[in-house]
Participant: 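Have a look at the structure that comes next, please.
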2 protein chains.
Amino acid sequence: MDGLQILNANKIRPSGLRIKILEYILSHKTHPTIDEIYAELLKDNPTLSKTTVYNTTRILAENHLIKTITIDGQQVRYDGNVAFHGHFRCKNCGRIYDFNVNHVPEEAELKDFLIENMDVYYVGSCKNCNENL
Amino acid sequence: MDGLQILNANKIRPSGLRIKILEYILSHKTHPTIDEIYAELLKDNPTLSKTTVYNTTRILAENHLIKTITIDGQQVRYDGNVAFHGHFRCKNCGRIYDFNVNHVPEEAELKDFLIENMDVYYVGSCKNCNENL
DNA sequence: CAATTATATTGTAATCATTACAAAGTTATA
DNA sequence: TATAACTTTGTAATGATTACAATATAATTG
């Protein structure tokens, strides 16, 4: 399913920019920031405004087509993989890695709480950086 | 162990403000923001500067005496409980709840990764708010 | 098709948490 | 006491995000 179909299925008017922004996030596993998305799409869309990237990612996130990652204290990042998984941020190279979380804690303390979103964020030094120190 | 002893044990010069800020965070389970700490301590310290609260919390966090919580996309919060546990933020009332995380995922994908910090953030609607809707 | 309305995009200005930095105050040390 | 080191303060700068009004584009109606 491509961006056009996804947007239509979610009743979001599929403008050219929306399709491109959604498809960029879906096809890049790098958890890009607003600036990264903007810089990349600017190449083919010279009049693109950063505000449009902000607006569009907000709409996509509100509709659960992408996920907002706040592991970086500075900038929000976006993830096209909305299935539950953890994120590891390397303090050294800045890369964000995905990992599976097998055991989702069933917390008795949260009985009768409505959980809408779960984030698991690890921070440290990645294998690649550890080996090259 | 009070703030003075903790600071001494960690070789942080125990100024009056540092003791007060540390003790405030240790004794309040509300995960206060900078503004909340500042507003509260200002009552007894009329010349207190917000910069001091920022500086001090940074020092305390660097020394792992308190933990930085970034579950709120807007403001950082601080937690005096540095033992591993999860945080639940209620979108309704804004309260942050602690909960135990029994099963820390052992992720084969992170083999040879050095994990320095783990955060588990849930967001949703708390029991209290659910009952009063 | 033309006119009108609704929506998308843009650019600039505002907001707000945080940081940088220099000056002033305080404590420790010689 | 004098000097150096550190703490605290206040103001200015930074930078991500949002607000908002103007413009452009697309959909709808007559």
Side-chain angles (χ1 to χ4, degrees), chain A residues 3-4 6-8 10-25 31-63 65-66 68-78 89 94 96, chain B residues 3-4 7-8 10-25 31-63 65-78 89 94 96:
Chain A
L4 172 62
I6 296 173
L7 291 172
N8 276 327
N10 284 272
K11 303 199 195 339
I12 301 166
R13 194 190 285 184
S15 71
L17 284 176
R18 286 176 179 171
I19 293 172
K20 285 177 188 165
I21 291 171
L22 173 57
E23 291 188 343
Y24 182 85
I25 295 171
H31 314 91
T33 63
I34 290 281
D35 284 348
E36 287 165 356
I37 299 167
Y38 173 71
E40 190 59 32
L41 297 189
L42 192 64
K43 295 175 186 169
D44 290 328
N45 308 269
T47 70
L48 178 64
S49 162
K50 205 176 280 189
T51 300
T52 298
V53 184
Y54 274 105
N55 288 339
T56 304
T57 51
R58 181 172 40 69
I59 292 171
L60 297 177
E62 282 170 0
N63 284 272
L65 301 183
I66 63 176
T68 297
I69 300 176
T70 56
I71 195 173
D72 185 326
Q74 297 306 100
Q75 281 163 281
V76 169
R77 294 174 171 277
Y78 298 95
R89 177 169 67 85
I96 311 273
Chain B
L4 173 62
L7 291 173
N8 277 327
N10 284 273
K11 303 199 193 343
I12 301 167
R13 193 189 285 185
S15 71
L17 284 175
R18 286 177 180 171
I19 293 172
K20 285 176 188 166
I21 292 171
L22 173 57
E23 291 188 345
Y24 182 85
I25 296 171
H31 314 91
T33 62
I34 290 282
D35 283 347
E36 287 166 356
I37 299 166
Y38 173 71
E40 190 59 32
L41 297 188
L42 192 63
K43 295 175 185 169
D44 291 328
N45 308 269
T47 70
L48 178 64
S49 162
K50 204 176 279 190
T51 300
T52 297
V53 185
Y54 273 106
N55 288 339
T56 304
T57 50
R58 181 172 40 70
I59 291 171
L60 297 176
E62 282 170 0
N63 285 272
L65 301 183
I66 63 176
K67 208 163 150 17
T68 297
I69 300 177
T70 56
I71 196 174
D72 186 327
Q74 296 306 99
Q75 281 164 279
V76 169
R77 294 174 171 275
Y78 297 96
R89 177 168 67 85
I96 312 274

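Naming: A, B, ... by sequence-line order, numbering from 1 per chain. Predicted model, so just to flag it, every value in this text is computed and none were measured.
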Participant: Do the side-chain N or O atoms of R58(A) get closer than 4.0 angstrom to the phosphate oxygens (OP1, OP2) of dT18(D)?
Facilitator: no
Participant: Just wondering, do H31(A) and I71(A) contact through their side chains at under 4.5 Å, heavy atoms?
Facilitator: no
Participant: Does N10(A) have any side chain to side chain contact (heavy atoms under 4.5 Å, CB included) partners at least two apart in sequence or in another chain, and if so, which?
Facilitator: I6(A), I12(A), L65(A)
Participant: What integer distance in Å separates L17(B):CG from dG25(C):C1'?
Facilitator: 12 Å
Participant: With a 4.5 Å heavy-atom cut-off, do K50(B) and D35(B) have their side chains touching?
Facilitator: yes
Participant: Should Y54(B) be listed as having a side-chain N or O under 4.0 Å from OP1 or OP2 of dT19(C)?
Facilitator: no
Participant: Could you say whether R13(B) or N55(B) is positioned toward the 5' end of DNA chain C, judged by the nucleotide with the nearest heavy atom to each?
Facilitator: N55(B)
Participant: In whole angstrom, what separates I21(B)'s CD1 from dT8(D)'s P?
Facilitator: 7 Å
Participant: Out of dT10(C), dT9(C), dG10(D), which has the shortest distance to the side chain of S49(B)?
Facilitator: dG10(D)
Participant: Applying a 4.0 Å non-hydrogen cut-off, can you work out what S15(A) is touching in the nucleic acid: base, sugar-phosphate, or nothing?
Facilitator: sugar-phosphate
Participant: Could you check N45(B) against D35(A) and say which one's nearest nucleotide on DNA chain D is further toward the 5' end?
Facilitator: N45(B)
Participant: Decide yes or no for Q75(B) and I34(B): does some side-chain heavy atom of the first lie under 4.5 Å from some side-chain heavy atom of the second?
Facilitator: no
Participant: Taking only side-chain N and O atoms of T47(A), does any of them lie within less than 4.0 angstrom of OP1 or OP2 on dT10(C)?
Facilitator: yes
Participant: Strictly below 4.0 Å: does T51(B) bring a side-chain N or O up to OP1 or OP2 of dT9(D)?
Facilitator: no
